[in-house]
Amino acid sequence: MSAIPKIDPANRSLFDAQKLAGDPPSPINPAPGCRFASRCPHAKEICKSEMPALQSVSKNGMYRRVACHFAGEI
């Protein structure tokens, strides 16, 4: 979410973006489970073996659809 550009030009900063560690998963031979597990700081064992279901979450009055085992906790 930190990679989304800010609308206010006075509030744009390259230092606000959160850098992800690791390499993106292979699109040709993806690992089982969550495709983002190898780069997610919140990943647990279930993330490496089970694909999370798509679900709706609300934060600050905004609704999003996410696929994460821990979407309600993060």
side-chain contact (heavy atoms from CB on, under 4.5 Å) involving Ala71 - partner list, sequence neighbours excluded
Gln55, Val57, Val66, Cys68

Ser56: side-chain contact (heavy atoms from CB on, under 4.5 Å) partners, not counting sequence neighbours:
Arg65

How long is the span from the CE atom in Met51 to the SG atom in Cys34, to the nearest 0.5 Å?
7.0 Å

Do you know the tightest heavy-atom contact between Pro30 and Pro27?
CD-O, 4.0 Å

Under the side-chain contact (heavy atoms from CB on, under 4.5 Å) criterion, do Lys44 and His69 qualify, and how do the steps go?
CA-CA 9 Å; Lys44 301 211 179 357; His69 293 290; over 6 Å; no

Exercise answer: donor-acceptor pairs, residues 35-43 side-chain atoms, under 3.5 Å, sequence neighbours excluded:
{"residue": "Arg35", "atom": "NH1", "partner": "Ala31", "partner atom": "O", "Å": "2.6"}
{"residue": "Arg35", "atom": "NH1", "partner": "Gly33", "partner atom": "O", "Å": "3.1"}
{"residue": "Arg39", "atom": "NE", "partner": "Ala21", "partner atom": "O", "Å": "3.3"}

